[in-house]
Structures are given as C-alpha cells and as structure tokens.
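Please read the structure below before turning to the comments.
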Amino acid sequence: MTAAYAPLSRVVGTETEFGIASMDPNFSDPVVNSIQVIAAYPSLPAPHGVWDYENENPLLDARGFEVEGERERPGPEYNRQLNKLLGNGGRLYVDGAHPEYSTPECLTPREIVAHERAGELIVQKALRALDTSRGSGNPFVLYKNNSDGKGNSYGYHENYLVSRAVSFDMLAKILVPFFVTRQIFAGAGKVGAENQTSHCEFQISQRADFFESLMDLNTMVKRPIINTRDEPHSDPSKYRRLHVIVGDANMAELSTFLKVGTLGLVLDMVEAGWVIPAFELENPVRAIKEVSRDLEVKQTLKLADGRPTTALHIQRTYLRAAVEFSATRPASPQIQEVLQCWGKVLDKLESEPMALARQLDWVAKRQIIESYMERKGCGWSDSRVRLMDLQYHDVRPEKGLYYALERTDRIDRLCSDALVAESEQAPPSGTRAYFRGRCVKKYASAVYGASWTSVLFDVGNTTIKKVPLIDPHRGTEALTRSLIDGSDTATELLTKLQA
C-alpha cells in the first residue's frame, strides 16, 4: 500500500490513569475519591456536560469479532460525575478506580508532551482546590506511575490513528519486537519486581512485569503486548486506532517525546509499505521482562530461529530503516529531530547508560536512589528506597522527586511552563479537538455533552443537536475558527452549520 507522506502529522492521543492514595480511613473508596478529585478541578467550562458513549464499543476485536460483555452506559447524573469536558479538547474522568486524563487529539510528539504535561497541571490544580475547600487539608495523593508496589498496576495508553488498509496481523508482527525493546528509552524505572516475576533490585520498566500474553483484548487481566481493541473513534472504513497499553507513564519529557515520535515513524513506514527487517522473538512475554532487568542494556535475547540479538540491535535496526525511509521523503525538521534524538540516546545507552540521567526517567530515578543509598548506607530493600520510587511520580510539585529535578535544572525540558499552561486551556489547532475545545468553552451553557466524535448541544428545543466529528482531521482551527469567532451563540453556530 502507498500513502501520502505527512511528516509526523499522525493523529495521536494518550491516556493517563493516576494512582490515587489516601491515609484517611474516611476515604477508603477509590471510585468516590476519584470522583471528588476530578470534580474539584476549578477550570471546568461545562461541569454539567455528559460524555457521549453512543459510538464507543470497547468489545470489538481487531481480529474480526466482538467479545461478550456490557458496554458502559451510565445514566446522565452518574455520567456527569464520571466525566468532565475540558477546554483544551481533552477529557478528565474516572476509569475504574482512578482519575484519568486523556489528551486532546494531537499531531506531533511535542504537542503530546505539552498536552500530557497539561494533564499534570490539571490534577495539581484539582488537589490544591481540595486543599482550599477542606480547610483541614487534602486527604488524597496522586501519582503519575503504573504500580502501587502492592501487586496492582494501572494503565497508561497511547492511541495512534492508522489506515484500515494495513493488515492488523502484519502490524502486530512488526510492532512486537519494537514494543519489547523500546522500554530502554521509554521506561519509567521501578524498584523491585511484582506479579510473581523473578527477583530484581531495580528495573527499567514499571509495566513489564504485568504483561502475560502476546495478543488479546484485555487491558486489566492477562495483559497483552498487543492490544486488539478495534474502537477507532473515527470512520471505521478508513481508520483503525492502534491502542497501545505496553508503555509506561513518563515524567521525563524526552522519554515521552521518543516514545511517541519513534512509534509514529514506524507506523509511517508500515503504511507506506516500507520494508522493515523482521525480528521474531522466541518468547516476547519473557523477553519484555528480560529487557526490563537489563540495566547495562547488553543482555542477549533469543530469536525464534535460535539466533541471538539485543534490545539495542533491534532498536538500531528500526532506526536505520527510519533514516533510509525518511531520506526518500520531503525533508522535515520534526522528523530529523526524532531521528537524531533516537540515535544519540541509543549511542549513550550502548556506551554509558547512566550518562542519560538528564534525559530518561529510569536513569534519572536510578541515579537519585543510588545517591541516596550511598549517603544513608542502605540497600534496595529499605522501605525508604521504595518510598522514593513512588515519590518520584508524586504530582504535587513540592513533593514529587521528578519536580525537584526540574527546579534544580537536573532534567532536560522540551516544553516551557508557559507552553504547558497554554496547553491546559487551549486545544491543538490541527485536529477536531480545536472545534470541541472551543465549543465547550465558548458555548458552555449550551453544551449538553461531547465525545471524540461529537459535540452535543441543548439550545432549548425538544431534541439534543449533535454536531458529528467523525473525521479527526476536520474541525481544525483553519476550517472552523472564523465560524466560531463569528457565532455569538450556539444557536447561531448550528444555523450556520446547517446552511
């Protein structure tokens, strides 16, 4: 298949489930606690808005069938408690027993970094608002991580719009070795092991221990390396949404940038029919744990045909293919930035992984903890060390160890604080998120609800008016800004849309 090449302009979004904890026995229900947190965010433009579940079906499998189960359909009042529409086009909600933030649809890795950081700002403001309203202090702590250290893991998911013409089986075959090995730059770092896996003192990935199968629809039990959910949030005849559950939630901006940028390039190659040298790991589920425990990034992995390889060799092969592919396409500074960063990080991982303490989460966390252990004369099993692991991800700026690195200029940034603040309030300009975010803010009183594929208006008539947003590439600033700017009310907007 051949597709027009649009450098790093793939529609991408991420979802972050925040770990939530409370030491107050009066707040023992994590669902109720999570509802309180999201409701406290002070900048909700339309707090009465519902989430439109009509076009959502998480039970569809990309392998061509639908599994048994009940689709989520909460009543209007409970819907309002669980879902909050954001002015940046994203979504703040409760999923299971966690507060969760979904970025709006973005087009570049840098946009994702900025809007993901905006999610941290949103939950920080929610916690501060709870502090103020309670007077006696906020009982909740949130963590942007993937494990509570007690055997429970919660998700961080990436979503990439991919052409429906691409065979899912072929896509999965190409992506398995990439996912198994990309943790060497995208891992968030973790003290110890969980899920009855082999002992280790420290490992690269938070999530690796929790993957137990190669391919499946599940996201909470027997987690697969390849998730088969077929819920495109767009025209299903044109697109599929690659739902990636195998990644860690990152604090370091460069880890997020590389995680999204490198996969975007791999998907560009797949859609263009570019030949990528194939790797078939003998046991990917075992290999993902082996890579996570390989702090020197040199351990041999076994291929299905018995040959040895390494995580670095696999990543260099994908990088080399991406460099060759990009050389045949129009020059793009954004692509060159990803390629150069990818190459430099792999070089440092090969020569001296600890030299990446300013760039990668797992290295930064390891350096902080090892420095502490040296000062205190303690080991990896010390309870204070395990607490530091969790504290690295604490979203409170005054408490989180990652934020201490930022304050002391010991971690590299890609986004300024001003850009993050802007991304909290303003949607990306190049996707349908622009129309959704602008409508939610400008016509807040008339917005009944929204979803990824719609905005619902209640303008006083007997029926709810739905504006469909099935195409993620429509509803952009270029296409709709003048329309929204020129419509003082939702009624005027709807009239113009129907004209």
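Scope of the values below: all heavy atoms of this structure, side chains included, with no hydrogens, waters or symmetry mates.
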- Starting at OG1 of Thr476, measure out to CZ of Arg474 and round the result to the nearest 0.5 Å. 7.5 Å
- So how far is it from Ser234 OG to Leu161 CG, rounded to the nearest 0.5 Å? 4.5 Å
- Query: To the nearest 0.5 Å, how far apart are OH in Tyr78 and CG in Asn83?
  - Reply: 10.0 Å
- Check whether any side-chain heavy atom of Val176 lies under 4.5 Å from a side-chain heavy atom of Ile226, and answer yes or no. yes
- Message: Pair Phe140, Phe27 - check ring pair (Phe, Tyr, Trp, His ring centres under 6.0 Å), show working.
- Response: CA-CA 9 Å; Phe140 308 126; Phe27 296 91; 5.3 Å; yes
- Message: Quick one: does any side-chain atom of Glu253 pair with a main-chain N or O of Cys415 as donor and acceptor, under 3.5 Å?
- Response: yes
- Rounded to the nearest 0.5 Å, what's the gap from CD1 on Ile314 to CD1 on Ile184? Could you check? 9.0 Å
- Query: What is the distance from atom CD of Glu111 to atom OG of Ser423, rounded to the nearest 0.5 Å?
  - Reply: 8.0 Å
- Query: Would a 4.5 Å heavy-atom cut-off, applied to side chains only, mark Gln36 and Val32 as touching?
  - Reply: yes
- Taking Asp394 for the side chain and Tyr143 for the main chain, is one N or O donor matched with an acceptor at less than 3.5 Å? no
- Report the relative orientation of the aromatic rings in Phe185 and Trp342; use parallel for angles under 30°, tilted for 30 to 60°, perpendicular for over 60°. perpendicular
- Query: Just wondering, do His393 and Asn250 contact through their side chains at under 4.5 Å, heavy atoms?
  - Reply: no
- Which atom of Leu319 lies closest to which atom of Gly343, heavy atoms considered: CD2-CA, 3.6 Å
- Ile369 and Tyr392: CA distance, side-chain angles, deciding distance, side-chain contact (heavy atoms from CB on, under 4.5 Å) verdict: CA-CA 10 Å; Ile369 293 176; Tyr392 182 87; over 6 Å; no
- Are side-chain heavy atoms of Glu290 and Val180 found at a separation under 4.5 Å? no
- Task: Could you tell me whether a side-chain N or O of Asp209 sits under 3.5 Å from a main-chain N or O of Asn195, the two making a donor and an acceptor?
- Result: no
- Message: If you define the side chain from C-beta out and look only at heavy atoms, does anything of Val12 sit under 4.5 Å from Val260?
- Response: yes
- Query: Got a salt bridge between Lys144 and Glu116, using NZ or NE/NH1/NH2 to carboxylate O under 4.0 Å?
  - Reply: yes
- Query: Between Tyr239 and His473, what is the ring plane arrangement, given parallel below 30°, perpendicular above 60°, and tilted in between?
  - Reply: tilted
- Donor-acceptor pair, side chain of Ser163 and main chain of Ala165, under 3.5 angstrom: yes
- 4.5 Å side-chain heavy-atom contact, Ile174 and Met170: yes
- Message: Which heavy atom of Ile204 sits nearest to which heavy atom of Asp294, and what is that distance?
- Response: CD1-O, 3.5 Å
- Item | Ile20 side chain near Val141 side chain, heavy-atom distance below 4.5 Å | no
- For Thr300 and Pro308 the tightest heavy-atom approach is CG2-CB, 3.3 Å
- Check Arg293 against Ala193 and note the closest heavy-atom contact, atom names and distance. NH2-CB, 3.5 Å
- When rounded to the nearest 0.5 angstrom, what distance separates CG in Asp389 from CG in Leu401? 9.5 Å
- Task: May I ask you to decide whether Glu158 forms a salt bridge with Lys259, counting only side-chain N to carboxylate O separations under 4.0 Å?
- Result: no
- Query: How are the rings of Trp51 and Trp452 set to each other: parallel, tilted or perpendicular (split at 30° and 60°)?
  - Reply: perpendicular
- Pair His313 and Phe279, ring centroids less than 6.0 Å apart: yes
- Query: Does the distance from a Lys or Arg side-chain N to an Asp or Glu carboxylate O, for Glu212 and Arg223, drop under 4.0 Å?
  - Reply: no
- Where the side chain of Arg436 meets the backbone of Ser451, is there a donor-acceptor pair that is under 3.5 Å apart? yes
- Given Gln183, Arg182, His157, the one that forms side-chain contact (heavy atoms from CB on, under 4.5 Å) with Val246: Arg182
- Would you confirm whether Asn146, through its side chain, and Ser153, through its main-chain N or O, come within 3.5 Å as a donor-acceptor pair? no
- For residues Phe18 and His98, establish whether the separation of their ring centroids is below 6.0 Å. no
- Query: Do Asp169 and Ser167 have side-chain N/O donor and acceptor atoms under 3.5 Å apart?
  - Reply: no
- Message: On a heavy-atom basis, which atom in His115 and which in Pro104 lie closest, and how many Å separate them?
- Response: ND1-CG, 3.5 Å
- Message: Checking the side chain of Glu282 only, and the main-chain atoms of Lys302 only, is there a donor and an acceptor separated by less than 3.5 Å?
- Response: no
- Query: Under 3.5 Å, side chain of Thr453 to main-chain N/O of Leu469, donor-acceptor pair present?
  - Reply: no
- Query: What is the minimum heavy-atom distance between Ala188 and Ala249, and which atoms define it?
  - Reply: CB-O, 3.6 Å
- Message: Ser255 vs Trp362, test: side-chain contact (heavy atoms from CB on, under 4.5 Å). Steps then yes/no.
- Response: CA-CA 9 Å; Ser255 288; Trp362 74 267; over 6 Å; no
- Might you confirm whether atom CZ of Arg63 has over 12 heavy atoms from other residues, nucleotides or ligands at distances under 6.0 Å? yes
- Message: Closer than 3.5 angstrom, by distance alone: can the side chain of Glu194 be matched with the main-chain N or O of Lys150 as a donor-acceptor pair?
- Response: yes
- Query: Is a side-chain N or O of Asn227 found less than 3.5 angstrom from the main chain of Val244, in a donor-acceptor match?
  - Reply: no
- Item | Side chain proximity check, Asp95 to Glu17, heavy atoms < 4.5 angstrom | yes
- Glu271 bridged to Arg10 by N-O distance under 4.0 Å: yes
- Message: Before you tell me yes or no, could you show the steps for Tyr53 and Asn79 under side-chain contact (heavy atoms from CB on, under 4.5 Å), namely the whole-Å CA-CA distance, both residues' side-chain angles and the distance that decides it to 0.1 Å?
- Response: CA-CA 10 Å; Tyr53 290 90; Asn79 187 319; 3.4 Å; yes
- Message: Pair Leu258, Cys341 - check side-chain contact (heavy atoms from CB on, under 4.5 Å), show working.
- Response: CA-CA 8 Å; Leu258 273 179; Cys341 183; 3.8 Å; yes
- Query: Does a sphere of radius 6.0 Å around NZ in Lys298 hold more than 12 heavy atoms from other residues, nucleotides or ligands, not counting ones at 6.0 Å or beyond?
  - Reply: yes
- Message: Please enumerate all residues that pass salt bridge (Lys or Arg N to Asp or Glu O under 4.0 Å) together with Asp230, with sequence neighbours excluded.
- Response: Arg164
- Does NZ or CZ of Arg91 fall inside the cone over Tyr93's six-membered ring, less than 6.0 Å from its centre and within 45° of the axis? yes
